[in-house]
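Shown next, in structure tokens, is the structure this report addresses.
Below, chain A is the first sequence line, B the second, and so on; all start at residue 1. Just so it is clear, the structure is predicted and the values come from calculations on it, not from any experiment.
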Amino acid sequence: MRPAYTPTEIMTVAAARALRNDDVCFVGIGAPSAACNLARLTHAPGITLIYESGTIDTRPDVLPLSIGDGELCETALTTVSVPEMFRYWLQGGRITVGFLGGAQIDRFANLNTTVVGSYDRPKVRLPGGGGAPEIATNCGEIFITMAMSTRAFVEKLPFITSLGFGTGPGSREALGVTTRGPTRVMTDLCVLEPDPGTCELTVVSLHPGVSREKVQAECGWKLRYAGDLAETPPPTADELGVLRELQARTARAHGSDA
Amino acid sequence: MRPAYTPTEIMTVAAARALRNDDVCFVGIGAPSAACNLARLTHAPGITLIYESGTIDTRPDVLPLSIGDGELCETALTTVSVPEMFRYWLQGGRITVGFLGGAQIDRFANLNTTVVGSYDRPKVRLPGGGGAPEIATNCGEIFITMAMSTRAFVEKLPFITSLGFGTGPGSREALGVTTRGPTRVMTDLCVLEPDPGTCELTVVSLHPGVSREKVQAECGWKLRYAGDLAETPPPTADELGVLRELQARTARAHGSDA
Amino acid sequence: MAAFLPLADAIAANIGDGDSLAMEGFTHLIPFAAAHELIRQGRKRLTLYRMTPDLIYDQLIGMGAAEKLVFSWGGNPGVGSLHRMRDAVENGWPAPLALEEHSHAAMANAYEAGAANLPFAIFRGYKGVDLPKVNPRIRSVTCPYTGEVLATVPAIRPDVTVIHALRADRAGNVLLEGILGVQKEAVLAAKRSIVTVEEVVDDFGPRSPNAVILPAWTVTAIAEVPGGAYPSYAHGYYRRANAFYKDWDAIARDRDGFLAWMKENVLLKRPADFAGYRNRRAA
Amino acid sequence: MAAFLPLADAIAANIGDGDSLAMEGFTHLIPFAAAHELIRQGRKRLTLYRMTPDLIYDQLIGMGAAEKLVFSWGGNPGVGSLHRMRDAVENGWPAPLALEEHSHAAMANAYEAGAANLPFAIFRGYKGVDLPKVNPRIRSVTCPYTGEVLATVPAIRPDVTVIHALRADRAGNVLLEGILGVQKEAVLAAKRSIVTVEEVVDDFGPRSPNAVILPAWTVTAIAEVPGGAYPSYAHGYYRRANAFYKDWDAIARDRDGFLAWMKENVLLKRPADFAGYRNRRAA
């Protein structure tokens, strides 16, 4: 039987649930934006959403395609310049949760969005870091959303664009970084968290109907599982309804604009 | 016979005449403010006046008592924060003329507004530098207005608050300062300019009815005079009329406010 | 998240003896009501930060609340000296006052660095002057690209910043408008912050999309104190009482006259009294 | 003092082959009309600065105008890759493209330092990442107070900055509103600047006292080009053509299709044609 929701939907819902009403969240485009706004429209109406374009406490009715759509500014408490956003707000240490995704991730939640192959002779030139290098170290903690595949979850990154736990315990501290780093990775198949002892990403819950074999087949390193491995609670009808309505509004808006 | 104008009036008029229509002027309070607005209301209607409170291109109807009176903001093109004013506008090198005054000045137009006596055990604690240290080196050139007296025009300053020509030729260059520094000192008795060769303040014009003896009597160092010593043209009826009307408006405004 | 409190409670809960305190407002929006409450509560040994310690700090210093002043220009703008500050510095009355002196550019950059969570700021300043000889906090770094030596100042990170703003909305967001000074930076640089406002409104309503707003979660406490910036002013509410700034010169000139004035106008008053001041004629 | 010129004249007078050029606009107010005119005039060997080289630089790079790109994120926001940029970097078509890569925080600080006439900026960044290993322009300084090592980036000081703004008044003052990006800093950091605007008005009229305005004497040339930011948007004038950004992925995917599109929509067009684009339905 087909599931009542897609893998992307449960990934987004799992990410939304991780957000708290009093979080100040630095939002990236795509799945993070969907998750943050789903949280705002469900259990976390008071959440403060900040986009790197400078919009503070924004409440978009439709999901932005870029991090600077007009909708974000029109519904924001205020909008500051980009230098101020990075200086006073991100570096200022006022962001409790930063959302990141990437082309590739390793077992210590370091991310690559720069190149595949060598930097000087890249096989694939990716967009680059953008805000990620400083988001990864200046936010209180980091949530990551990525769909699993052996091309994305790799044994070794060709390039480290943003820091997770480096080479393991103590790496962040050795660099003078005082923030927590990645505390949760929401994928289309499972949720992973860093092991308290080793910092290695460990599966803490499998989405309904997903087997360990299925998850391992999409991961480039030998996965470890939490002792109390759980099953991710499926999206509720309310969560799915709000998310799909949001996506539908967005599709109508973006589809009708040329 | 009594003069048709006061010494302060000719000092202010002489300062106003030195300003050009295309100047961007960083205005201090008191005589500089009167001079800058007199210039704006007479021969330099296009002059851009900036006060360190952040008001850009302001056109006050009455003279401000402080550098942050509401009048300055209400009549400005826009008002920026004080950090921006000092970073983007003053340090940014966008100011053509900075106006300074002080409690004491030496022959090389260095100024003291910090202490009389020793710094740790001051005989008189003066207000301090405020914007002066950076105004003196970041503006294209500096105009100074001060009434002459042997207490103000001294052989040696107890404290250098802002830089003129230091110890003479080459001092500014040695410090990596590329701006011109003080190019004119307008007093109640005469106008002085730095000698092109020695950088020493030299009397270039005496106000009408003022003798060399009178000027020397109010100056703590042996004054030199320009070869082509001129007489300062007296204020015109128009200049005096505009200045006095401005002062009268200001007195009415400030007198009636408690 | 900003808590709406009576001013006395906001001060008592957030400012203790020995704290470092920035009360900012660049001629506009100077938080006099908060300073008077601080004096009534008898706070002592404060380290006071302010670019322009004018009447507000002359009053705090004269009442013996401060042990150190970090500043860049200490005068009564357009009038003359701060007699209480001078008496403390020159004669140690009512108590000695340690000075840490900078330039405006340095202080503005130091607040900016504090707001940006940096340990210091760089700027092009102090060329050929004596202040670096008497202030060891003024140092330098060398540009790793050009070799130019630039002046540095440590970031200002006060325990508490107190400002006066125009309006807060019911959610606790704070709106600043007009001459902004360094207030936004001072609040963002501080561990705790108290904001007095002219009024609390349901909603800010139509405004510039780039309005200068401090979100509620960046402010510790908000107290509604109409007229709380008098004798300075609040853009769109009341004008600067320039005549009072002139009168202050005589009031503060001698110790007894000052103490008598403070007793009558501060010790025996309450924050609510400021609402009356703003109705006085002002230019 | 800002000169009002036709866009073609403003570009011809201020931008030459080999110049360093910043065309900014953070998703909002991207100066597409100016970029198209630059392409029509056949400028070559440009060093292009931009935090987010999206479609506007994909077009310049694909037409061979650039020899170097200084950037922090090179993609089609929410859509995917910039195929022309990738083709230049991966295959050297139509010409090799040198890259100088930074983070957003670094670029934003570099523009800010340029506007402040500083040679470099300090920030807390690049911890534990590989970019400093491949970009020798990323260096560090040590805090003279705390000993903390902070990252540095050289100030951006382009020969020319080009931006699109909402309005200019007859005096040549320029108003920005909404998402501000780094445009004000980029203009103040540049030797020369060109601003295209939606409209020229007699007077800005009632506005915030803290409106974001570039005074006429900070701008070199102003050209009135309604719709000049299409397919990005202008706050209060027209919305972002998100569908076009999605369409671009197919347009730019292969070289012939790209060249055909550029010929029809850029080489054979004029600045005035942008006035029509903004009337298209847009979200």
* State whether C:E90 and B:K123 are salt-bridged, where the test is any N-O pair (Lys NZ or Arg NE/NH1/NH2 against Asp/Glu carboxylate O) under 4.0 Å. => no

* Residues B:E71, C:R240: salt bridge by 4.0 Å N-O rule -> no

Under 4.5 Å from a heavy atom of chain B, the part of [X] involved:
X      : answer
C:L82  : neither
C:Y126 : both
C:M51  : side chain

Using a cut-off of under 4.5 Å for heavy-atom pairs, which of [options] has the most such pairs with chain C?
options                       : value
B:S171, B:C73, B:P133         : B:C73
B:G164, B:P83, B:G70          : B:P83
B:T78, B:V124, B:V80, B:L111  : B:V124
B:T167, B:D120, B:N138, B:V82 : B:V82
B:A136, B:S53, B:S33          : B:S53

Just how far is it from atom [atom1] of [X] to atom [atom2] of [Y], taken to the nearest 0.5 Å?
X      : Y      : atom1 : atom2 : value
C:Y233 : C:I179 : OH    : CD1   : 3.5 Å
B:S149 : B:D188 : OG    : CG    : 9.0 Å
B:E52  : B:E134 : CD    : CD    : 10.5 Å

* Between B:R172 and B:T179: side-chain donor-acceptor atoms closer than 3.5 Å -> yes

* **Per-residue contact mode, B:T137 against chain C (heavy atom under 4.5 angstrom)** => side chain

* Which atoms of B:F159 come close to chain C, meaning under 4.5 Å heavy atom to heavy atom: side chain ones, backbone ones, both, or neither? -> both

Under a 4.5 Å cutoff for heavy-atom pairs, which residue among [options] has the most contacts with chain B?
options                       : result
C:V182, C:V149, C:V134        : C:V134
C:S103, C:G75, C:A106         : C:S103
C:G181, C:G125, C:G78         : C:G181
C:V89, C:L180, C:L131         : C:L131
C:H28, C:H102, C:K133, C:E101 : C:E101

Are [X] and [Y] close enough that some pair of their side-chain heavy atoms sits under 4.5 Å apart?
X      : Y      : answer
C:H164 : C:E198 : yes
C:R50  : C:M107 : no
B:L100 : B:S162 : yes

